[in-house]
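Both ligands and their constituent atoms are indexed starting at 1 by order of listing.
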Amino acid sequence: MDIPFNKPYIGEEERKAVVEALDQDVIHGDGPTTERVQSFLEDWLEIDHAFLMTSCTHALEMAMMTLDVGPGDEVIMPSFNFVSSANAVVLQGATPVFAEIRPDTMNLDPEAVEEKITPDTKAIVLVHYGGVACDMDAFLELGEKYDVAIVEDAAQGVDAYWQGEPLGTIGEIGCYSFHDTKNVTSGEGGAFLTDDEEIARRAEIVREKGTNRSAFYRGEVDKYSWVDEGSSYIPSDLLAALLEAQLDRRDEIKEKRKQVWTTYREALRPLVDDGLIEWQTIPEYADPNYHLFYLRTHTPEERDELLNALKEEGIQATFHYVPLHSSPYGRNTLRCMEELPVTQHCSETLIRLPVYPQLEKRAESIARVAVETIREVLSPASVVR
Ligand SMILES: Cc1ncc(COP(=O)(O)O)c(C=O)c1O
């Protein structure tokens, strides 16, 4: 077999959209296509304000700026995480505080988060890992009780839901990624979502290099100038065109991913029943987007052995985040000296299998090889403990 871990799902529709966008006179950002995609997102997600961004990383940076996070403030987030939310906090001179996750979903554990809340806590950044919703009831309650903002890092959560509500639209701010490892992609890209008028007003300025150029374009001021801090977070209309074509195909993309995910799930269930592996739990409140399929072994040694064995069979399975608290920057610069044993163990035992639409017809054979390999590597003797 020769199965890469990821492949963007790009077809004629996307090619046509980009060529058409090239033929327009406008290819800078915030042109007609960006406007159209933003309006689509606002209608689809029932959110007041959606801004297209150059990345989810930049959306998270803008979240910290618009929440006025600064020196002396703390922002709680999982350590089992991509670096972006931690960087966004550090760039504002504030301190990221890392909390434990739940081993069943790899999402933040609300009780562990509550223990980390102090008078300096300004926000909690949640990650909906693999497009499976966090326990939002618990986090909304914490937000209210301690008056801290809830930011949803829904980088992996486009077209996934919590009790019917789209991920990214539940907290004060939601951030999406359209990187080419995500379900819906423009190569690089993101979105910033909010219902809060004050946050949206500042976001419009921050995103436009700290200027009120957007108000100028609307004819609200006669010239634009530097009015706040900001950066250049607006993607080209070319990327918006690519994204528009992908969003048009979101149902097809999700359906094919679901089929691959479900095939793996059915094939691997006996291994879970036999206690050889564990896997992702989907809580009742979560309606996922089939972004990731992962399993967990009992020990890091088993994980490494299994990864190698799958690779030898031609399946590019892979690990995921290396915890931030114990990273070189976490330990040496942020001086995080604590241990987060659940995070560490989950990170060291996790394996992701390839999931993307093009695998629709190969999922069964991949699953068959994966099952055989897992049974071979994780002999019953190794799970008696
Ligand atoms: C949870 C999470 N947040 C943020 C990002 C960054 O997204 P982007 O590449 O769009 O900046 C990623 C990337 O994979 C991610 O997994």
Side-chain angles (χ1 to χ4, degrees), residues 5-8 29 37 41 50-65 75-91 96 98-99 101-102 105-108 123-134 136 139 150-160 162 167-168 170-171 173-193 207 231-236 239-240 242-243 246-247 280 286 288-294 318-325 327 329 343 346-347 350 352 354-356:
F5 180 68
N6 183 58
K7 255 193 195 174
V37 177
L41 289 175
F51 296 98
L52 285 196
M53 301 291 289
T54 32
S55 65
C56 183
T57 300
H58 285 163
L60 289 160
E61 287 176 21
M62 193 156 90
M64 294 305 123
M65 287 188 199
V75 177
I76 302 174
M77 64 186 67
S79 170
F80 182 73
N81 196 349
F82 199 67
V83 287
S84 298
S85 41
N87 269 324
V89 172
V90 168
L91 285 169
F98 300 112
I101 50 170
R102 300 164 32 157
T105 57
M106 313 288 285
N107 285 339
L108 267 180
I124 301 168
V125 183
L126 310 168
V127 176
H128 299 293
Y129 185 63
V132 174
C134 291
M136 293 309 294
F139 288 110
I150 303 295
V151 176
E152 297 176 71
D153 179 344
Q156 304 169 8
V158 179
D159 206 6
W162 170 76
L167 302 189
I170 306 153
I173 295 172
C175 302
Y176 281 169
S177 173
F178 302 120
H179 183 261
D180 82 353
T181 49
K182 303 304 184 294
N183 292 22
V184 171
T185 182
S186 53
E188 299 277 353
F192 177 100
L193 311 171
R207 184 173 167 270
S231 194
S232 186
Y233 290 150
I234 301 177
S236 157
L239 292 183
L242 178 51
L243 181 61
Q246 283 267 292
L247 284 167
Q280 187 178 38
N289 59 2
Y290 311 98
H291 177 61
L292 296 183
F293 185 98
Y294 69 81
T318 182
F319 57 90
H320 209 177
Y321 309 130
V322 177
L324 298 179
H325 76 284
S327 65
Y329 194 82
T343 295
C346 288
S347 160
L350 184 139
R352 291 178 291 161
V355 177
Y356 41 92

**Student:** Find the distance between CG (Leu239) and CZ (Phe178) and round it off to the nearest 0.5 Å.
**Tutor:** 11.5 Å
**Student:** Can you tell me how far CE of Met77 sits from CG of Leu126, rounded to the nearest 0.5 angstrom?
**Tutor:** 10.5 Å
**Student:** Among all residues two or more places apart in sequence or in another chain, which pass the side-chain contact (heavy atoms from CB on, under 4.5 Å) test with Val127?
**Tutor:** Pro78, Asn81, Asp153
**Student:** Measuring from atom OH of Tyr176 to atom SG of Cys56, what distance do you get when rounded to the nearest 0.5 angstrom?
**Tutor:** 10.5 Å
**Student:** Are Tyr129 and Phe80 an aromatic pair, judged by ring center distance below 6.0 Å?
**Tutor:**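 Yes: the rings meet the under 6.0 Å criterion.
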**Student:** Let me know which protein residues bring a heavy atom to under 4.0 Å of ligand 1; chain then number is fine for ordering.
**Tutor:**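 Protein residues near ligand 1 are Ser55, Cys56, Thr57, Phe82, Ser84, Val127, Asp153, Ala155, Gln156, Ser177, His179, Lys182, Gly189, Tyr321.
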**Student:** Can you tell me how far NE2 of His128 sits from CD of Gln156, rounded to the nearest 0.5 angstrom?
**Tutor:** 10.5 Å
